[in-house]
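This report refers to the structure that appears directly beneath it.
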Protein chains: 2
Amino acid sequence: MKLSTRGEYGLRAMFDLAQHFGEGPIALRSIAERQDISENYLEQLIASLRRSGLVDSFRGAQGGYTLARAPDNIRIGDIIRVLEGPIAPTDCVSERDAELCDRANTCVARLVWEKLRDSIVEVLDSYTLQDMCNEFQELNKETTN
Amino acid sequence: MKLSTRGEYGLRAMFDLAQHFGEGPIALRSIAERQDISENYLEQLIASLRRSGLVDSFRGAQGGYTLARAPDNIRIGDIIRVLEGPIAPTDCVSERDAELCDRANTCVARLVWEKLRDSIVEVLDSYTLQDMCNEFQELNKETTN
DNA sequence: AATAAAACCGAGCAAAATACTTGGGATTAA
DNA sequence: TTAATCCCAAGTATTTTGCTCGGTTTTATT
């Protein structure tokens with residue numbers, strides 16, 4: 001029941017892009033440094049995010065990445081699905097292409113996993129990058145007091 | 001964000017014991033057969049469950065396992081914690097001994113993972129083996145109609 | 001007392017997943 | 001033209017997973 005570093009790092013990187021939204025392309029290197037993530041590794045993660053349409057990329061000097069949509073239009077769930085695959089505590093209750101086993105029709109455990117999946121989806125999809133930015137503001141307000 | 005087979009199989013085995021609660025010791029072999037789980041592997045899982053006090057064991061001929069408490073007193077979360085470890089989408093929000101990273105005090109991602117953890121805990125701890133038995137009854141009522 | 005049914009135990013191990021690294025090539029602003 | 005930057009495919013060390021194997025110990029039954 002743990003996220004891999006893909007999801008962890010990926011969300012941090014996307015939050016970084018959200019904080020710089022509107023400032024033009026942000027270089028991968030600068031994200032990697034701020035977020036303390038291996039540049040080469042992050043490159044792979046952001047490639048997935050680009051292919052799935054969550055970020056736009058700009059090649060060449062002064063290039064970099066931007067969010068493809070406004071922060072309030074990107075849910076945490078969108079990011080996690082790209083980097084960790086469909087939300088699914090088990091294969092038999094996967095959001096996409098659930099693989100039912102033979103015993104599925106009488107399996108009560110599956111009902112439990114379904115509830116769990118729904119609850120995870122609910123949290124991840126009710127929360128956007130903008131919400132994170134807002135929370136960050138709040139956090140800083142407190143510390144400067 | 002996936003359970004391992006330890007949690008999957010373990011819950012199925014515990015549900016099996018719940019269904020036979022009050023019938024005396026149930027042999028590992030019979031659980032393994034009914035639930036279609038490798039006997040040798042299940043032995044390891046149930047050893048964890050015994051050590052943590054969720055099941056009692058009876059050695060020798062006609063021996064086997066029983067739930068250590070009534071089904072309505074064993075939460076799904078109790079089982080999952082034994083087999084999968086503390087509930088923790090990331091190490092930094094682990095139920096037990098959370099390992100904060102350097103950036104923890106300003107990390108907004110952590111707030112997201114906390115909400116996620118709480119929501120997972122809520123589902124797993126609000127649901128007991130007895131609830132599963134009840135759902136099983138419901139399920140069978142429907143199919144026999 | 002002998003037997004067989006069961007739990008108990010520790011070690012080993014192959015396959016898969018994870019978390020990267022490496023070494024290039026392609027674009028493009030300056 | 002050059003340097004900054006993205007793009008891509010492959011390789012790799014480590015860890016985790018999901019088991020198997022070969023025994024030992026305990027105990028009800030005969």
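Letters go in sequence order (proteins before strands), and every chain restarts at 1.
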- [ ] For A/Asp102, look at atom CG and say whether over 12 heavy atoms of other residues, nucleotides or ligands are found less than 6.0 Å away.
- [x] no
Task: Candidate nucleotides C/dT22, C/dA7, C/dC20, ranked by approach to the side chain of B/Leu28 - the nearest - done: C/dA7
Task: Among C/dC9, C/dA7, D/dA4, the one nearest B/Ala27 by side-chain distance - done: C/dA7
If I take atom [atom1] in residue [X] and atom [atom2] in nucleotide [N], what distance separates them, rounded to the nearest angstrom?
X	N	atom1	atom2	value
A/Ile26	D/dT5	CD1	C1'	13 Å
A/Leu45	D/dC7	CG	C1'	15 Å
B/Tyr65	C/dA5	OH	C1'	13 Å
B/Lys2	C/dA17	NZ	P	9 Å
A/Phe58	C/dT28	CZ	C1'	13 Å
B/Tyr41	C/dG10	OH	C1'	16 Å
A/Leu49	D/dC7	CG	P	12 Å
A/Ile31	D/dT5	CD1	C1'	12 Å

Is there a side-chain contact between [X] and the phosphate of [N], meaning an N or O under 4.0 Å from OP1 or OP2?
X	N	result
B/Arg50	C/dC9	yes
B/Ser57	C/dC8	yes
A/Tyr9	C/dC20	yes
B/Thr5	D/dT17	no
B/Ser4	D/dT16	no

Task: Side-chain donor-acceptor contact under 3.5 Å, A/Glu84 with A/Ser4 - done: yes
Open item on the list: With a 4.5 Å cut-off on side-chain heavy atoms, are A/Asn73 and A/Thr128 touching?
Closed with: no
Task: Residue pair B/Leu54 / B/Leu67, side-chain heavy-atom distance below 4.5 Å - done: no
Open item on the list: Mind checking if A/Gly63 touches a base, just sugar-phosphate, or nothing, with heavy atoms under 4.0 Å?
Closed with: sugar-phosphate
Task: Base D/dT20 paired with B/Gln44 side chain (donor-acceptor, <3.5 Å) - done: yes
Open item on the list: Any N or O donor-acceptor pair under 3.5 Å from the base of D/dC6 to the side chain of A/Glu43?
Closed with: no
Open item on the list: Taking the nucleotide of DNA chain D with the nearest heavy atom to each, does B/Leu3 or B/Arg59 sit closer to the 5' end?
Closed with: B/Leu3
Task: B/Ile46 or A/Asn40, whichever maps to the more 5' nucleotide of DNA chain C - done: B/Ile46
Task: Side-chain ion pair, B/Glu114 and B/Arg117, N-O less than 4.0 Å - done: no
